[in-house]
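Beneath this line is the structure, given in C-alpha cells, with notes to follow.
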Amino acid sequence: MVDRALLGQPVDIVAPQLLGTVVEHRGGEGGRASVAVQITEVEAYAGVGADPASHAHRGPTARNAPMFAGPGHLYVYFVYGRHWCLNVVCGPVGEASAVLLRAGEVVRGRDVARERRGALIADHELARGPANLAVALGLTGKANGIDLVDRSSVVRLRSSRDAAQTFLEVACGPRVGITRAVDRPWRWWVEGDPTVSRHPGVRRDATR
DNA sequence: GCGACGATCTCA
DNA sequence: GAGATCGTCGCC
C-alpha cells in the first residue's frame, strides 16, 4: 500500500513517484474479475488558486469535493459527455491537488480488461489514455471518493513489488488537452514505454 | 435559467 | 479533422 504521508507531499513531487505504482480494482467472483494497472503516465494538477487548469482552481464545488477529502482519495470526473478519468488526490488535506492517471500497463486481469475494452485491443493499448485506463479497470463515477489507502477499499493503490521500477527512466513535458497553464511541464511518463498515451513530438495516429 | 465548453476517443 | 454527448460552472 502506498503511504498516505507520501501522497501528502506537494503534487509535483508526488506525481512522478506514482509511476510504477499499481492501481487495483478488486472485482467480484472471488477476485477473478480483478484488474490491476501499473502506472506509466501521470499529470499533476495543483489546488485552489495555484493552477488555472485544475478543477479545484476556483475553490470547492459539488464536483471537485473529493479533491478536498485529503491525500489518497480517488477523484473521478466525467468529461466530453462520455469519458471517465481517474485522479489520486495529493497534498495536505484541503489543498485539493491531484494526479491524473493517464496510462498504464495491465498487469493482472488482462482478459477481463479486454472484455471491457474490446477483443481486438492490443495488450499495450488496454489502458493507454486516461479514459481507456478507467474502462480497463472497470471504474466510473461510482468509485468517486474511495480511499485508495484503506485496506478494505475495493480500489487500492499499492507500491509495485517489481524492484525494476527503481530504475525507470522518467521523462517530463507539458500537460495534454488543456487550454490554460499549458507551459507547465507537469506530465511525467516512463520513457520508451509503449503504454504511454502520447510521446513528445510523435503523433499517435501517424500511420492510421 | 442558460449557454459554452471540457484533464477524450474513435473513425474518416 | 470532426463529431459524439452531457454534466458542470460561470455569468446573465
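Every chain is numbered from 1, with letters handed out A, B, ... down the list of sequences. What you see is a predicted model; the values in this text were computed from it and never measured.
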Give a yes or no on whether a salt bridge exists between A/R175 and A/E43, defined as a side-chain N under 4.0 angstrom from a carboxylate O.
-> no
Whole-Å gap separating P (B/dA7) and CD (A/E41) = 16 Å
Residue pair A/R4 / A/D147: nearest heavy atoms and the distance that separates them = NH2-OD2, 2.9 Å
Whole Å only: how far is the NE2 atom of A/H83 from the C1' atom of B/dA7?
-> 12 Å
Check the hydrophobic clustering (I, L, V, M, F, W, Y; side-chain heavy atoms under 4.5 Å; chains of links allowed) and say if A/V196 and A/V22 are grouped together.
-> no
A/I178 CD1 - B/dA7 P separation (whole Å) | 8 Å
Figure out the CZ/P separation between A/R198 and B/dT10, and round it to whole Å.
-> 12 Å
In whole angstroms, how far is the C1' atom of B/dG6 from the CZ atom of A/R175?
-> 15 Å
When rounded to whole Å, the CZ to P distance for the pair A/R128 and B/dT8 reads 14 Å
Can you tell me how far P in B/dC2 sits from the matching atom in C/dT5, rounded to whole Å?
-> 23 Å
Return the value, rounded to whole Å, for the distance between atom CG of A/L120 and atom C1' of B/dC9.
-> 17 Å
Does some side-chain heavy atom of A/V155 sit less than 4.5 Å from a side-chain heavy atom of A/V23?
-> yes
Kindly express the pairing pattern of DNA chain C in dot-bracket notation, using | wherever a base pairs with another strand and counting only Watson-Crick or G-U pairs under 3.5 Å.
-> ||||.||||||.
Answer yes or no: side-chain N or O of A/Y80 and base N or O of C/dA4 forming a donor-acceptor pair under 3.5 Å.
-> no
Got A/T40 and A/L168 here, is their nearest side-chain heavy-atom distance under 4.5 Å?
-> no
Below 3.5 Å between N/O atoms, which protein atoms pair up with nucleotides 7-11 of chain C? Just atom names and distances, please.
unit_1, atom_1, unit_2, atom_2, d
C/dT8, O3', A/R63, NE, 3.4
C/dC9, OP1, A/T61, OG1, 2.3
C/dG10, OP1, A/R58, NE, 3.3

With heavy atoms under 4.0 Å as the rule, sort A/A131 into base, sugar-phosphate or nothing.
-> sugar-phosphate
Is the distance from OP1 or OP2 of C/dT5 to the nearest side-chain N or O of A/R82 less than 4.0 Å?
-> yes
When the side chains of residues 71-85 of chain A are checked against the rest of the protein, which donor-acceptor pairs come out under 3.5 Å, sequence neighbours left out?
unit_1, atom_1, unit_2, atom_2, d
A/H73, ND1, A/A69, O, 3.4
A/H73, ND1, A/G70, O, 3.0
A/Y75, OH, A/H55, ND1, 2.7

So, are A/R184 and A/D12 salt-bridged, with charged N and O less than 4.0 Å apart?
-> no
Distance, rounded to the nearest Å, where A/R187 contributes CZ and B/dT8 contributes C1' = 14 Å
Apply the side chain to side chain donor-acceptor pair (under 3.5 Å) test between A/S197 and each candidate in A/R128, A/E41, A/E125; give the one that qualifies.
-> A/E41
4.5 Å side-chain heavy-atom contact, A/P16 and A/V42 = no
OP1 or OP2 of B/dT10 less than 4.0 angstrom from a side-chain nitrogen or oxygen of A/R117, does that happen here?
-> yes
Tell me whether A/Y45 is stacked on the nucleobase of B/dA7, counting only the six-membered base ring and applying the 5.5 Å and 30° thresholds.
-> yes
